[in-house]
Amino acid sequence: MYKTFFFSVALATFSLALFTQGAHAEGQANVPATLAKTASDPSVLDVEALKAKINSSLGLTVIKVEATPVPGIALLVTNQGLFYASYNGDFFIQGKVYSLGSTVTDLAEESLAKIRLEGIENFKDDMIVYKAENEKYVVTVFTDITCGYCRKMHEQMADYNDRGITFRYLAYPRSGIKDRMGNLSQGFKDLRSVWCSDDTAKALTKAKAGSGIPYRICDAPIEAQFDFGRQIGVNGTPAIILSNGMMIPGYQPPAQLEELLKKT
């Protein structure tokens, strides 16, 4: 299985490398001479030079750069998600990188866990919360109204709460912020209406049950929450962030989630 996985990552890396080579000549012209010179050394990680090169070559905004245990390879947190690149930016990797020691470890998870927890703090006043009376655990969940498993999870909220699990919801419109015509997507507008309601918890429950909700407009940070989700590796809903910053993608039944939380 791992041989197949790494072959797929290697193939993706090779394909992306060919793509970047095509944009390399044009991109180099847009990179300041001092940065281009620094970025040419594959053994030196110059964060600003790497950011500039990735931006000029691929149009990605790099938010954070971290060295990894892999020599010459850096982790990139971008506005389009998580990637890797060689220190000099000549190679760009899409996919996961694992350390094969005594255990198989996702190299990005430890760094991402910190980024997730830091980012969640920015939205602590903008979440829709279903608090457990006897709270033992708190999870932060990216959700969407149209997601079947999100609805199933929400239908079991009483069971989660009875097990001491508090849910804090962040918005993640699966259809994106805008549609192909450049207009705000229906998913975005529906979630905004929920977040702009007087009673957000009641409105979200009604929306997930299929009931209509009044159309509302306000400054709810739906787009900011969506962008944050993409940056930390969310690509579908539900996505559950644990109190240690680790992420569990997909639906987890109440009993199963409780067992996972006991082990963290």
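Just so you know, these numbers come straight off a predicted model, no measurement behind them. These numbers come from the heavy atoms of this one structure, side chains and all, not from hydrogens, waters or symmetry mates.
Within the 4.5 Å cutoff, the side chain of Asp144 has heavy atoms near those of the Leu191 side chain. You'll find the side chain of Thr61 stays beyond 4.5 Å of the side chain of Thr78, heavy atoms only. At least one side-chain heavy atom of Val138 sits less than 4.5 Å from a side-chain heavy atom of Arg168. Contact of the Asn55 side chain with the Lys53 side chain is not registered, since no non-hydrogen atoms from C-beta on lie closer than 4.5 Å. At a threshold of 4.5 Å between non-hydrogen side-chain atoms, the residues Val141 and Ile241 do not count as touching. Looking at Pro254 and Gln156, their side chains come closer than 4.5 Å, going by heavy atoms from C-beta outward. Side-chain contact between Pro238 and Cys147: present, with at least one pair of heavy atoms (C-beta onward) separated by less than 4.5 Å. Proximity of Val65 to Leu75: side-chain heavy atoms (C-beta onward) are nowhere separated by under 4.5 Å.
A cation-pi geometry, defined here as NZ or CZ lying under 6.0 Å from the six-membered ring centre and within 45° of its normal, holds between Lys208 and Tyr169.
What you find for Leu82 and Ala108 is that their closest heavy atoms are CD2-CB, 3.4 Å. Across Cys196 and Arg216, no two heavy atoms sit closer than the pair O-NH1, 3.3 Å. In terms of heavy-atom proximity, Ala220 sits nearest to Trp195 at CB-CB, 3.7 Å. Closest non-hydrogen pair, Ile54 versus Phe92, comes out as CD1-CD1, 3.9 Å. The shortest heavy-atom contact between Leu242 and Val139 is CD2-CG1, 4.1 Å. Closest non-hydrogen pair, Val129 versus Ala201, comes out as O-CB, 4.5 Å.
Between the OH atom in Tyr172 and the SG atom in Cys150 there is a gap of 11.5 Å [rounded to 0.5 Å]. Here CG of Leu204 is found 11.5 Å from CZ of Phe167. Values are rounded to the nearest 0.5 Å. The distance from atom CG of Leu260 to atom CD of Gln252, rounded to the nearest 0.5 Å, is 5.5 Å. Interatomic distance, Leu261 CG to Glu258 CD, rounded to the nearest 0.5 Å: 8.0 Å. One distance of note links OG of Ser193 with CD1 of Ile213; it measures 5.0 Å at 0.5 Å rounding. Rounded to the nearest 0.5 Å, atoms CD1 (Ile240) and CE (Met247) are 10.0 Å apart.
Using a cut-off of 4.0 Å between Lys/Arg side-chain N and Asp/Glu carboxylate O, Glu66 and Lys64 are scored as salt-bridged. With salt bridges taken as basic N to acidic carboxylate O contacts below 4.0 Å, one links Glu135 and Lys131. With respect to Lys124 and Glu121, a salt bridge is recorded, a charged nitrogen being found less than 4.0 Å from a carboxylate O. Between Arg192 and Glu223 there is no salt bridge, since no side-chain nitrogen of the basic residue lies less than 4.0 Å from a carboxylate oxygen of the acidic one.
Checking Thr166 against Tyr160 by side-chain atom types alone, no donor-acceptor pair falls below 3.5 Å. When only modelled atom types and interatomic distance are considered, Asp227 and Gln231 share no side-chain donor-acceptor pair under 3.5 Å. Using modelled atom types and a 3.5 Å distance limit, the side chains of Ser197 and Asp199 yield no donor-acceptor pair.
Surrounding NZ of Lys189 are more than 12 heavy atoms belonging to other residues, nucleotides or ligands, all under 6.0 Å away. In the displayed structure, Asp219 atom CG is contacted under 6.0 Å by at most 12 heavy atoms of other residues, nucleotides or ligands.
At a threshold of 4.5 Å between side-chain heavy atoms, the hydrophobic network of Ile, Leu, Val, Met, Phe, Trp and Tyr places Leu117 and Val234 in two separate groups. By the rule that hydrophobic residues join a cluster once side-chain heavy atoms approach within less than 4.5 Å of another member, Ile63 and Ile73 end up as members of separate clusters.
Each of Leu76, Val62, Asn88, Val44 was checked for a side-chain contact (heavy atoms from CB on, under 4.5 Å) with Leu50, and the lone residue meeting it is Leu76. For the side-chain contact (heavy atoms from CB on, under 4.5 Å) with Arg174, the lone residue among Thr237, Ile145, Asn235 that qualifies is Thr237.
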Worksheet item: So Tyr149 and Tyr251, ring pair (Phe, Tyr, Trp, His ring centres under 6.0 Å) or not? Walk me through it.
Response: CA-CA 6 Å; Tyr149 278 111; Tyr251 165 73; 5.6 Å; yes

Practice prompt. Could you give me the CA-CA distance, side-chain angles and deciding distance for Lys152 and Glu155, then say whether salt bridge (Lys or Arg N to Asp or Glu O under 4.0 Å) is met?
Written response: CA-CA 5 Å; Lys152 183 176 181 178; Glu155 289 172 357; over 6 Å; no

Worksheet entry | salt bridge (Lys or Arg N to Asp or Glu O under 4.0 Å) between Arg116 and Glu109, intermediate numbers included | CA-CA 10 Å; Arg116 289 173 187 140; Glu109 270 304 303; 3.0 Å; yes

Item to complete: Check the pair Tyr84, Thr68 against side-chain contact (heavy atoms from CB on, under 4.5 Å), reporting the backbone distance first and the verdict last.
Response: CA-CA 9 Å; Tyr84 294 89; Thr68 72; 4.0 Å; yes

Discussion item. Assess the residue pair Asn161 and Glu133 against the criterion (side-chain contact (heavy atoms from CB on, under 4.5 Å)); give the C-alpha distance rounded to whole Å, side-chain angles, the decisive distance to 0.1 Å, and a yes or no.
Written reply: CA-CA 7 Å; Asn161 287 166; Glu133 184 175 346; over 6 Å; no

Worksheet item: Are Arg230 and Asn79 close enough, and set up right, to give a side-chain contact (heavy atoms from CB on, under 4.5 Å), and what steps lead you there?
Response: CA-CA 7 Å; Arg230 293 180 72 186; Asn79 62 327; over 6 Å; no

Worksheet item: Given Ile115 and Val77, is the side-chain contact (heavy atoms from CB on, under 4.5 Å) satisfied, shown in steps?
Response: CA-CA 9 Å; Ile115 295 170; Val77 179; 3.6 Å; yes

